[in-house]
**Student:** 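Handing you a structure now.
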Amino acid sequence: MRAFLVLIAAVAIAFPATAEEKPVQLKPAPGLDKVEGNCSGCHSLDYILMNSPFPNAALWDAEIAKMIKAFGAPISQTDAKVIADYLKQHYGM
Amino acid sequence: MPTAEVVAVNQCSGNRRGLFQPHVAGVEWGYGAMGCARWKGVRLKDLLDKVGLKKEAIEIVFDGADSGVTDKTPDFIKSIPVCKAVEDTTLIAYQMNGEPLPHFNGFPARLIVPGWTGTYWMKHVTSIRAATKPESGFWMNAAYRIPLGKFPLVARFTSQDTAANTPITEMVVNSLITSPLDGTNVKVGARVTVGGIAWDAGYGINAVEVSTNGGKTWAAATLGQDLGRFAFRTFSYSFSPKARGKQTVMARASNKIGQGQTTELIQNPAGYHHNVVHGVALDVT
């Protein structure tokens with residue numbers, strides 16, 4: 001029980017902005033660390049799940065470009081490529 | 001200053017975006033990105049009169065206390081045309097349903113723009129500025145726009161027009177069946193009451209019709225209490241299913257200037273203004 005409570009506390013600390021929501025778990029695969037590290041700084045990872053699987057490769061590229069150019073997300077070119085590959089492979093069509 | 005109240009629907013421009021086919025990227029709303037409340041505050045017009053609005057002003061520009069996550073994220077700043085700003089029902093509100101505005105509803109003061117979609121209802125207002133030129137910036141120039149000529153709208157925001165598109169403004173006529181839920185099981189001969197809400201941009205709901213046979217024939221529903229032309233208008237219609245099987249119940253609203261709902265989705269790039277007639281399927285046994 002004690003371990004369980006500690007786990008709950010850890011989850012609550014890790015997801016302060018979505019304390020009342022279930023943490024979003026995306027598919028564990030190469031690139032997930034870059035998605036979590038870059039995207040969830042500004043918005044819930046829900047947006048990936050709720051739009052899946054409809055975006056094709058061009059749309060995922062456009063979405064990432066919008067985050068960088070329109071919204072000023074500080075994502076490096078290297079990370080952007082990794083994120084794009086991950087999203088196209090696991091959440092695209 | 002004199003106070004004013006209005007009951008008005010605040011609906012996200014992209015409400016029902018998740019129902020668009022083909023898919024439109026964005027927040028995949030279902031039917032519920034809206035609400036209706038009694039707002040109390042002061043008229044924006046009175047505030048503008050007090051400071052002395054000059055004739056050269058064409059837009060009133062609002063900023064709120066929030067800001068982007070990074071310095072480069074465009075701040076959410078929105079304007080409305082002066083003609084909308086000086087309407088009697090456009091308020092700077094500090095109360096919702098008789099209580100101070102809750103934080104997430106814009107405490108301590110927010111803009112109320114009855115009839116227009118939620119994008120203009122600036123929360124946590126920190127600045128109000130009169131402008132003699134069209135306000136520019138991401139949230140005006142790039143976001144919240146609809147193609148020209150596709151929707152039957154009356155209220156326009158022409159100082160922001162481009163050759164291709166125009167800012168979203170007033171809500172389209174709409175209605176929603178709130179009971180029974182889709183998939184509800186009912187017995188042959190039992191009395192079923194269809195309930196729901198209808199709303200528009202403030203011209204006033206004229207009628208709601210209900211079909212119990214998937215849109216083949218329609219009958220007038222009874223309208224509920226009139227809380228004002230910008231409010232949800234409830235409706236109800238009772239009937240008894242006569243045969244077993246799947247039975248589709250639909251509702252459609254029309255307003256006092258003759259606008260109705262669409263049966264075919266009006267496609268647009270950002271997934272706005274979904275007012276396709278809503279239906280629920282009953283399972284009659």
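What you see is a predicted model, and the numbers here were worked out from it, not measured in a lab. Proteins get letters first, then strands, A, B, ... in listed order; numbering begins at 1 in each.
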**Student:** Give me the ring orientation class for A:His90 and A:Tyr86: parallel if the planes are under 30° apart, tilted from 30 to 60°, perpendicular past 60°.
**Tutor:** tilted
**Student:** Contact part of B:Trp29 toward chain A, heavy-atom cut-off under 4.5 Å: side chain, backbone, both or neither?
**Tutor:**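 For B:Trp29, there is no contact with chain A at all, as no heavy atom is under 4.5 Å.
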**Student:** If you define the side chain from C-beta out and look only at heavy atoms, does anything of B:Met122 sit under 4.5 Å from B:Val113?
**Tutor:** no
**Student:** I'd like to know if the side chain of B:Lys78 pairs up with that of B:Thr119 as donor and acceptor (distance under 3.5 Å, no hydrogens or angles considered).
**Tutor:** yes
**Student:** Using a 4.5 angstrom heavy-atom cutoff, name the option from A:Pro55, A:Ala70, A:Gly41 with the most pairs to chain B.
**Tutor:** A:Ala70
**Student:** Do B:Val7 and B:Phe232 come close enough that some side-chain heavy atom pair is under 4.5 Å?
**Tutor:**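 The answer is no; the side chains never approach within 4.5 Å.
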**Student:** Which bit of A:Tyr47 is near chain B, if near means a heavy-atom gap under 4.5 Å: side chain, backbone, both or neither?
**Tutor:** side chain
